[in-house]
*Asks:* 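Here it is, the structure in full.
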Amino acid sequence: MKKFIFLFFFGTLLMSCKQEINDSDLTKMNGYWEIEKVILKDGKKKDYKVNPTIDYFEIKDKKGFRQKVMPQFNGTFATNTIKEILVVSEKKGDFFIHYTTDYEKWKEEIIVIQDSILVFKNKDGIEYHYKKYLPFSLK
């Protein structure tokens, strides 16, 4: 009985880490995001204090792209022409981002999507934690 109670509470705790997401939340992804940390499947964590590149997402009607950009001191962004085309799908309440480039296709599950926080998980169980990008100023 003790094992059952432990497993019940442990399972409830794990399930509570995932946010319930709906279609209207997807617009929160639009804009500039910087990686804050990566959590590996074994629980090891890598923090990112300074990011030379950030991710720009543009999504409308579950379609769009992600592009790497580099913030400049004058407030603009340098970029290349590479865009990862994306499509968002939903299956049984779980949302997935399907990326496509000329070289590869992959998907990530959306775990959390809020105004200032994004969390994605890939097929290997690696979690990518993003925070909304705040421009830096030399003033």
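Nothing here was measured: the structure is a model prediction, and the numbers come from that model.
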*Asks:* Mind checking the NE2-NZ spacing from His129 to Lys121? Nearest 0.5 Å is all I need.
*Replies:*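 Result: 9.0 Å between the selected atoms.
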
*Asks:* Donor-acceptor pair, Asn51 side chain versus Ile54 backbone, under 3.5 Å?
*Replies:*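 Side chain of Asn51 to backbone of Ile54: no pair is present.
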
*Asks:* Under 6.0 Å between ring centres: does that hold for Phe120 and Tyr130?
*Replies:*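 Between Tyr130 and Phe120, which both carry aromatic rings, the centre distance is below 6.0 Å.
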
*Asks:* What residues form a side chain to side chain donor-acceptor pair (under 3.5 Å) with Lys28, not counting sequence neighbours?
*Replies:*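 By the side chain to side chain donor-acceptor pair (under 3.5 Å) rule, Lys28 matches Asp25.
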
*Asks:* Quick check on the hydrophobic clustering: are Ile21 and Val119 connected, directly or via other members, by side-chain heavy-atom contacts under 4.5 Å?
*Replies:*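 As far as the 4.5 Å side-chain criterion goes, Val119 and Ile21 are not connected within one cluster.
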
*Asks:* Mind checking the CG-OG1 spacing from Asp61 to Thr27? Nearest 0.5 Å is all I need.
*Replies:*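 The distance works out to 11.0 Å.
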
*Asks:* Is the shortest heavy-atom distance from the side chain of Lys83 to the side chain of Arg66 under 4.5 Å?
*Replies:*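 No, their side chains stay 4.5 Å or more apart.
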
*Asks:* Going from CD on Gln19 to CZ on Phe95, what distance comes out if it is rounded to the nearest 0.5 angstrom?
*Replies:*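 Result: 10.5 Å between the selected atoms.
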
*Asks:* I want to check something: taking the side chain as every heavy atom from C-beta on, are His98 and Ser89 in contact at a cut-off of under 4.5 Å?
*Replies:*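 A side-chain contact under 4.5 Å exists here.
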
*Asks:* Would you indicate whether Ile126, at its atom CD1, is surrounded by more than 12 heavy atoms from other residues, nucleotides or ligands within a distance under 6.0 Å?
*Replies:*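 Atom CD1 in Ile126 is packed in, count exceeds 12.
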
*Asks:* Which residues pass the side-chain contact (heavy atoms from CB on, under 4.5 Å) test with Val87, sequence neighbours left out?
*Replies:*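 Scan of Val87 (side-chain contact (heavy atoms from CB on, under 4.5 Å), adjacent residues dropped) gives Lys63.
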
*Asks:* Is there any side-chain hydrogen bond (donor to acceptor under 3.5 Å, both in side chains) pair reaching into residues 69-81, and which pairs are they, with sequence neighbours excluded?
*Replies:*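 Qualifying pairs: Gln67-Thr79, Asn74-Thr76.
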
*Asks:* With rounding to the nearest 0.5 Å, note down the distance linking CE in Met29 to NZ in Lys132.
*Replies:*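 Here the rounded value is 10.0 Å.
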
*Asks:* Going by the rule ring-ring contact (aromatic ring centres under 6.0 Å, His included), which residues pair with Tyr99 if we only count those two or more places apart in sequence or in a different chain?
*Replies:*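 Counting only residues at least two positions away or on another chain, Tyr99 forms a ring-ring contact (aromatic ring centres under 6.0 Å, His included) with Trp106.
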
*Asks:* Work out which heavy atom in Pro71 is nearest to a heavy atom in Pro52; give both atom names and the distance.
*Replies:*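 Shortest heavy-atom contact: CD-O, 3.6 Å.
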
*Asks:* Do Tyr133 and Phe73 share a hydrophobic cluster, counting only Ile, Leu, Val, Met, Phe, Trp and Tyr and linking them when any side-chain heavy atoms are less than 4.5 Å apart?
*Replies:*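 Same hydrophobic cluster.
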
*Asks:* CD1 of Ile97 to CZ of Phe57: how many Å apart, nearest 0.5 Å?
*Replies:*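 It is 5.5 Å, given to the nearest 0.5 Å.
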
*Asks:* With side chain to side chain contact (heavy atoms under 4.5 Å, CB included) as the criterion, how do Val112 and Leu118 come out once you've worked through the C-alpha distance, each side chain's angles and the decisive distance to 0.1 Å?
*Replies:* CA-CA 5 Å; Val112 176; Leu118 286 176; over 6 Å; no

*Asks:* Mind checking whether Tyr128 and Asn122 have side chains closer than 4.5 Å, heavy atoms only?
*Replies:*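 Sidechains of Asn122 and Tyr128: in contact.
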
*Asks:* Asn22: which residues meet the side chain to side chain donor-acceptor pair (under 3.5 Å) condition with it, sequence neighbours left out?
*Replies:*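 For Asn22 the side chain to side chain donor-acceptor pair (under 3.5 Å) partners, ignoring immediate neighbours, are Ser24.
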
*Asks:* Determine which pairs satisfy salt bridge (Lys or Arg N to Asp or Glu O under 4.0 Å) with at least one residue from residues 100-117, sequence neighbours left out, and list them in order.
*Replies:*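 Residue pairs passing salt bridge (Lys or Arg N to Asp or Glu O under 4.0 Å), neighbours aside: Lys18-Glu109.
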
*Asks:* Quick one: side chain to side chain donor-acceptor pair (under 3.5 Å) partners of Lys62, sequence neighbours excluded?
*Replies:*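 Side chain to side chain donor-acceptor pair (under 3.5 Å) list for Lys62, sorted by chain: Asp23.
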
*Asks:* For Lys68, enumerate each residue passing the side chain to side chain donor-acceptor pair (under 3.5 Å) test, keeping only those at least two apart in sequence or located in another chain.
*Replies:*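 Expected list: Asp55.
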
*Asks:* Aromatic contact between Tyr32 and Phe77, with the criterion being ring centroids under 6.0 Å apart: yes or no?
*Replies:*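 Centroid separation for Tyr32 and Phe77: below 6.0 Å.
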
*Asks:* If you look only at distance, which donor and acceptor atoms sit under 3.5 Å apart when one is on a side chain in residues 37-44 and the other is two or more places apart or in another chain?
*Replies:*
{"unit_1": "Asp42", "atom_1": "OD1", "unit_2": "Lys44", "atom_2": "N", "d": "3.0"}

*Asks:* Is there a side chain to side chain contact (heavy atoms under 4.5 Å, CB included) between Asp94 and Phe96 once you walk through the steps?
*Replies:* CA-CA 7 Å; Asp94 295 328; Phe96 299 90; 3.7 Å; yes

*Asks:* Are any of the side-chain heavy atoms of Ile85 and Thr101 separated by less than 4.5 Å?
*Replies:*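 When only atoms from C-beta onward are counted, Thr101 and Ile85 do not touch, as no gap falls below 4.5 Å.
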
*Asks:* Flag the pair Thr53 / Val69 as yes when at least one side-chain heavy-atom distance between them is below 4.5 Å, and no otherwise.
*Replies:*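 SC-SC contact between Thr53 and Val69 ruled out.
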
